[in-house]
Amino acid sequence: MNSVLGLLGLLLAAEPTATSTVSAPEVVVGAPLPVEEDGGVQRVDPPDMGGPVESPPPTRALLWVPRVLLAPVYAVNEYVIRRPVGWLVTTAERERWPTFFIDLFTFGEERKVGLVPTAIFDFGFRPSFGFYFFANDAWIKGHELRLRAAFGGPDWYQLAFTERWRTWTGGQLEYGFSFLDRPDWQFNGLGPDTLNEVRARFGRRIVAGHVAHRQRFLEHAHFEARLTVEENSFDLRRTVFGDPSVADAVALGILDQPSGAEGYFVLKAGGEFNIDTRKELRRNGTGVSARLRSEVAVDLNDPGRRAWMVNGGGFAGHLDVGRNRILSLAGVASHAARFGRVDIPFVELPLSGRALYSLGGFRPGRLVGESLATVTLEWRWEVWALMDGRLFAQVGNVFGTDFEGFGLERTRLSYGLGMASIFDPESSFNVLFAVAHQTFDQGADPEAFRFLIGFQPDL
């Protein structure tokens, strides 16, 4: 990307050189060259090849248009990403930071045990700090432990524990529990036309236990079946950063009462299939990938009252243009359908911000709807042995039941750049700066910025 922008900048910056008006002797092909009095060869002009030299065409002035348009992109790429990251990578390699941190946070001869400090800053939400513990081949080969804990101030707590066992089929059996309580969840209403200014906050507590089995078929293909029991409770009166609470927004008529806010206790059963034809995801990374998932949920307190299904999937094509630089085009869609008498809880609907390809330029929960569709163009390149740079642009939005209201004029544009580590997604490090826009029929004006930095699942 740097070389492309640099080459484009050089081409655009090239100016025609002024033509000299000083006459010089002409030369005839085949004739002896004229000489000076001292015997030296006299300077000559090239032979006339048919007509005077024309002035540069007026259209050359139009080159200032792409210069001006590309100036912000070039400046951000050059001074925000390439130079700072280049300095950081060079310094890290010279000072051997990777070796230092690996020695500091991992233990044992094979470094299979580690305790890593974590932090996440997603502007618009409370920052949190914690740790991530892992142990591979703990006591027995094929036995893994994972523990994550985080604290984000009063009423912000997270704890998750997972234990995994390798099975005789080469798969992996997993079970664990998780707890999350935070007061800064965001809700702007349902559907494609919600406004960023109409933002309310609420508190949500999740207590869950799960069991899953993952079976690998190919080098980069696996199927996972998962069973989860989950209890959700809400406090619609909580608020942060001066935003109104959902309860206040509902009382004022700004928002409708969200479904499921009274709390629910559900059993979820789902499966997910992932495949990637690329042998190496960073080198020679040309190929296609796909992800399909489906989940059914039933309210254990009253199965006939609340039940739903969420289906989703995505396909992507990847082209390695050389030097570990990969261009990807991805399409993602998700759809929720209810089976019970009442609506699906609003937090269970497709929403933005969970992954890069699922409207990742918008904050988590900014967009919520019964269906979601998006197309993303991403440029990914190797910044360091442990880090990839990312530049993306996407068009999409959430919609109603069965993609009701779908149309190009109701889609939104978002774009951004950042970096992501190549570690296990459970402990990956991410940096993201993105711009989110209104729908095209609302004017497509920028409505918000997203800045994220820290350890969290891959975006």
Side-chain angles (χ1 to χ4, degrees), residues 122-126 152-157 180-208 230-266 297 299-302 304-308 310 334-354 358-359 362-372 397-402 404-405 410 412 436 438-439 441-442 447-448 450:
D122 195 349
F123 280 54
F125 299 92
R126 278 192 187 178
D155 303 324
W156 201 122
Y157 309 97
L180 176 61
D181 186 12
R182 54 186 298 179
D184 57 347
W185 299 86
Q186 175 178 334
F187 182 58
N188 295 68
L190 301 178
D193 303 318
T194 57
L195 301 176
N196 185 61
E197 295 79 10
V198 183
R199 178 176 59 249
R201 304 284 181 163
F202 66 96
R204 179 188 181 191
R205 175 179 295 178
I206 309 170
V207 181
E230 182 179 291
E231 182 178 19
N232 283 261
S233 56
F234 300 86
D235 185 351
L236 302 186
R237 298 182 302 276
R238 289 189 186 180
T239 182
V240 295
F241 304 132
D243 292 334
S245 67
V246 170
D248 291 337
V250 170
L252 294 172
I254 300 175
L255 293 174
D256 294 331
Q257 176 74 17
S259 175
E262 70 279 7
Y264 54 95
F265 181 55
V266 294
D299 193 327
L300 295 177
N301 292 325
D302 189 351
R305 178 174 179 270
R306 176 171 283 136
W308 68 89
V310 179
S334 185
H335 173 264
R338 90 177 189 193
F339 299 143
R341 299 188 302 270
V342 299
D343 290 336
I344 304 171
F346 72 108
V347 293
E348 303 290 347
L349 297 172
L351 53 81
S352 64
R354 282 183 173 173
S358 297
L359 300 170
F362 292 84
R363 291 175 181 170
R366 163 63 186 90
L367 302 172
V368 183
E370 294 183 76
S371 55
L372 176 150
N397 205 349
V398 295
F399 301 97
T401 305
D402 298 325
E404 180 184 0
R410 303 186 79 181
R412 299 171 180 267
Q438 298 173 340
T439 62
D441 61 3
Q442 290 173 338
E447 68 167 30
R450 186 182 185 191

Provide the closest heavy-atom pair for Ala337 versus Ile344 in the form atom of the first, atom of the second, distance. C-CD1, 3.7 Å

Given side chains that start at C-beta, do those of Phe234 and Phe346 come closer than 4.5 Å, heavy atoms only? yes

For Leu367, the side chain to side chain contact (heavy atoms under 4.5 Å, CB included) test, sequence neighbours excluded, returns Thr194, Ser352, Leu359, Phe362, Asn397, Val398, Arg412

Given side chain to side chain contact (heavy atoms under 4.5 Å, CB included), test Phe187 with Leu255 step by step and report yes or no. CA-CA 9 Å; Phe187 182 58; Leu255 293 174; 3.9 Å; yes

Do the side-chain N and O atoms of Tyr264 and Glu231 include a donor-acceptor pair separated by under 3.5 angstrom? no

Could you tell me if the side chain of Pro154 sits less than 4.5 Å from the side chain of Arg126, heavy atoms only? yes

So does Arg199 pair up with Asp243, basic N to acidic O under 4.0 Å? yes

Test log, rule side chain to side chain contact (heavy atoms under 4.5 Å, CB included), inputs Ser334 and Val310: CA-CA 7 Å; Ser334 185; Val310 179; 4.0 Å; yes

Sub-4.5 Å side-chain heavy-atom contact between Ser371 and Asp402: no

Between Asp184 and Arg201 (salt bridge meaning N to carboxylate O under 4.0 Å), is one present in this structure? no

Donor-acceptor contact below 3.5 Å, side chain Arg204 vs main chain Leu236: no

Side-chain ion pair, Arg341 and Asp302, N-O less than 4.0 Å: yes

Taking only residues two or more places apart in sequence or in another chain, which ones pass salt bridge (Lys or Arg N to Asp or Glu O under 4.0 Å) with Asp256? none

All side chain to side chain contact (heavy atoms under 4.5 Å, CB included) counterparts of Asp343, not counting sequence neighbours: Ser259, Arg338

Can a cation-pi geometry be assigned to Arg182 and Trp185, taking NZ or CZ under 6.0 Å from the six-membered ring centre and within 45° of the ring axis? yes

State, yes or no, whether a side-chain contact exists between Val266 and Trp308 at a heavy-atom distance under 4.5 Å. yes

Do Leu349 and Leu190 pass the side chain to side chain contact (heavy atoms under 4.5 Å, CB included) test, and can you show the C-alpha distance, the side-chain angles, and the key distance before you say yes or no? CA-CA 10 Å; Leu349 297 172; Leu190 301 178; 4.0 Å; yes

Salt bridge or not between Arg306 and Glu348? Use side-chain N to carboxylate O under 4.0 Å. no

Any salt bridge between Glu262 and Arg305, counting N to O under 4.0 Å? yes

Aromatic contact between Phe241 and Phe123, with the criterion being ring centroids under 6.0 Å apart: yes or no? no

All salt bridge (Lys or Arg N to Asp or Glu O under 4.0 Å) counterparts of Glu230, not counting sequence neighbours: Lys268

Looking only at heavy atoms, which two atoms of Arg363 and Phe125 are closest? And how far apart? CB-CE1, 3.9 Å

Considering residues at least two apart in sequence or located in another chain, which fulfil the side chain to side chain contact (heavy atoms under 4.5 Å, CB included) criterion with Asp235? Arg237, Arg238

Taking only residues two or more places apart in sequence, or in another chain, which ones meet Phe339 in a side chain to side chain contact (heavy atoms under 4.5 Å, CB included)? Ala307, Met309

Criterion side chain to side chain contact (heavy atoms under 4.5 Å, CB included) on Phe202 and Gln186, from CA distance to verdict: CA-CA 7 Å; Phe202 66 96; Gln186 175 178 334; 5.9 Å; no

Evaluate the side-chain proximity of Leu252 to Pro244: yes if any heavy-atom separation is below 4.5 Å, no if none is. no

Any donor-acceptor N or O pair under 3.5 Å, side chains Thr439, Gln442: yes

Taking the side chain as C-beta and beyond, is there a heavy-atom pair between Gln438 and Asn196 under 4.5 Å? no

